[in-house]
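To start, the structure itself, in C-alpha cells.
Below, chains carry the letters A, B, ... as their sequence lines are ordered, and counting in each starts from 1.
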Amino acid sequence: MKKLLMAAAFAGASLFNVAALADDYQFDTEGQHAFIQFKIGHLGFSYIVGQFNQFDGSFSYDESNPAASKVSVTIDTSSVDTNHAERDKHLRSADFLEVDKYPEATFVSKSVKPMGDGKAQIVGDFTFHGVTKEVVIDATHVGGGKDPWGGVRQGFEGTTKFALKDFGIPKDLGPASKEVEIYMSFEGVRQ
Amino acid sequence: MFRNSSKGYGWLTILIHWVAALAIFGLFGLGVYMVDLSYYDPWYHDAPEIHKSIGMLLIILVMFRLLWRWLNPRPHPVESLSRLEKSASEWVHRGLYLIILITLVMGYLIPTAEGRGVNVFGLFEVPALYAGGEDMADLAGEIHEWLAWALVIFAAVHGIAALKHHFIDKDKTLVRMLRPEK
C-alpha cells in the first residue's frame with residue numbers, strides 16, 4: 001500500500017512536471033559551475049585563452065518546449081583573466097575593454113531556434129564595449145535533472161564568435177587576431 | 001673619503017646619487033616611450049623588461065642608500081644657507097626619498113598583481129609579496145604614472161636649485177655632490 005502511494009505520488013509529480021511551464025534557473029555561480037572563456041589568435045602561431053571570473057545569469061527552460069527558453073547573462077568586464085597581470089591590465093584599459101566606461105557586458109536572448117538533438121541557436125542582443133549587436137550562440141543542452149543535493153539543475157554549453165572591430169575595440173592586434181571565440185558552459189539551479 | 005663625514009659626502013654616496021639620478025630619468029623616459037609601443041614593435045617586450053629590471057635594482061640601491069645614510073655621519077648643511085634653506089633642503093631630500101620609494105613600489109605592484117614575480121635581467125627573480133588583484137594593479141598603475149611625473153619635476157627643481165647654488169650663490173652645494181670634501 002505504501003509502495004503504491006509512493007508510486008502514485010511520483011507519477012503525480014512527473015505529470016505535474018510535464019504540465020508545468022518553463023522553470024526559472026539561476027546560474028550556479030556560488031559553486032562556480034559556470035564558465036565564460038574566450039580564445040583569440042596570437043600572431044597566428046597559437047591562441048590566448050582567457051576567461052571572465054565574475055558574471056551572473058539566469059534562464060528559463062522547458063524541456064518540452066525549448067523554443068520558449070530565455071537566457072540572459074551579465075559579465076563584469078573588469079574580471080578579465082588571462083593569467084598574466086600586465087596583459088589583464090592592458091585588456092582592461094582604453095585599448096581594449098575600457099572597463100571604466102563599460103563595466104558590464106550583457107547578452108539577452110530574443111529567440112531560440114531548436115535544431116534537434118538537444119541543440120539550438122540562440123539569437124540575442126550582445127552589448128559589449130558599449131555596442132549592441134545581434135549574435136547567435138550555438139547552444140547544446142548537456143544534461144539536467146535532479147542533483148544529489150536536493151535541487152534541480154539544467155546545464156548547457158554554447159559557442160559564438162565575433163570580430164573585435166564590430167564592437168569598436170580600438171586596438172588592432174593584427175590579421176590573426178581579428179575574431180574572438182567565446183565558449184561558455186553553465187549549470188542553472190532551479191529557483 | 002669612502003664614507004660620509006660631517007664636512008661632506010663620501011664617494012659611495014656620490015656614486016649612488018648619480019647612478020640613481022641616471023636610473024630615474026632613464027626609467028622615466030623608457031616608461032613614457034614603452035607604454036605607447038605598438039604590439040608589433042621589436043621593443044614591445046624588451047622595453048618593459050628593461051624598465052622592470054632597472055626598477056627592481058633601483059629599489060635595492062635606494063634601500064641601501066637609506067641604510068648607508070643611517071650608518072654614516074650626516075654632512076652639515078652648507079654654512080652660508082639660511083635656517084629656512086637648511087630645513088627646506090632636509091625636507092626636500094626626505095620628500096624625494098619617499099616619492100622615489102612609493103613610485104618604485106607602485107611599479108612593482110603592477111606585474112606582481114596576480115602572483116607572478118619580476119625577473120631581473122634573467123639573473124634573479126623578485127617574488128610577488130602581495131598579489132592585490134585587478135583593482136590594485138590599475139590603482140598602482142595610476143599612482144606610478146602620476147608620482148613618476150611628480151618625481152622628475154621635483155628632481156628637475158632639485159637640479160636647478162643645485163645650479164643656482166653653484167652659479168648664483170657660489171656656494172659648495174653642487175661641488176659637494178661631485179667630489180668628497182678634503
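One N or O on the side chain of B:Tyr40 and one on the backbone of A:Leu173 form a donor-acceptor pair closer than 3.5 Å. Under a 3.5 Å cut-off, the side chain of A:Arg92 and the backbone N or O of B:Asp135 do not form any donor-acceptor pair.
Using a 4.5 Å cut-off between heavy atoms, A:His90 touches chain B through its side chain atoms alone. Looking at A:Asp81, the atoms closer than 4.5 Å to chain B (heavy atoms on both sides) all sit in the side chain, from C-beta outward.
For the atom pair A:Lys89 NZ and B:Glu134 CD, the distance stands at 12.5 Å (nearest 0.5 Å). In this structure, the separation between CG on A:Asp88 and CG on B:Asp138 is 10.0 Å, given to the nearest 0.5 Å.
Closest heavy-atom contact between B:Pro111 and A:Ala85: O-CB, 3.6 Å. A pairwise comparison of heavy atoms in B:Glu114 and A:His84 identifies OE1-N, 3.2 Å as the closest pair. The nearest pair of heavy atoms linking A:Lys171 to B:Tyr39 is NZ-N, 4.3 Å.
Atom CD of B:Glu145 has 12 or fewer neighbouring heavy atoms from other residues, nucleotides or ligands inside a 6.0 Å radius. Annotation: B:Lys172, atom NZ; neighbour count of heavy atoms from other residues, nucleotides and ligands within 6.0 Å does not exceed 12. The 12-atom threshold is exceeded at NE2 of B:His17, counting heavy atoms of other residues, nucleotides or ligands nearer than 6.0 Å. The 12-atom threshold is exceeded at NZ of A:Lys133, counting heavy atoms of other residues, nucleotides or ligands nearer than 6.0 Å. More than 12 heavy-atom neighbours from other residues, nucleotides or ligands sit within 6.0 angstrom of CH2 on A:Trp149. Summarising the local packing, CZ of B:Arg83 is surrounded by 12 or fewer heavy atoms from other residues, nucleotides or ligands at distances under 6.0 Å.
With salt bridges taken as basic N to acidic carboxylate O contacts below 4.0 Å, one links B:Lys52 and A:Glu86.
Residues B:Met56 and B:Ile143 are members of one and the same hydrophobic cluster, defined by side-chain heavy-atom contacts under 4.5 angstrom among Ile, Leu, Val, Met, Phe, Trp and Tyr.
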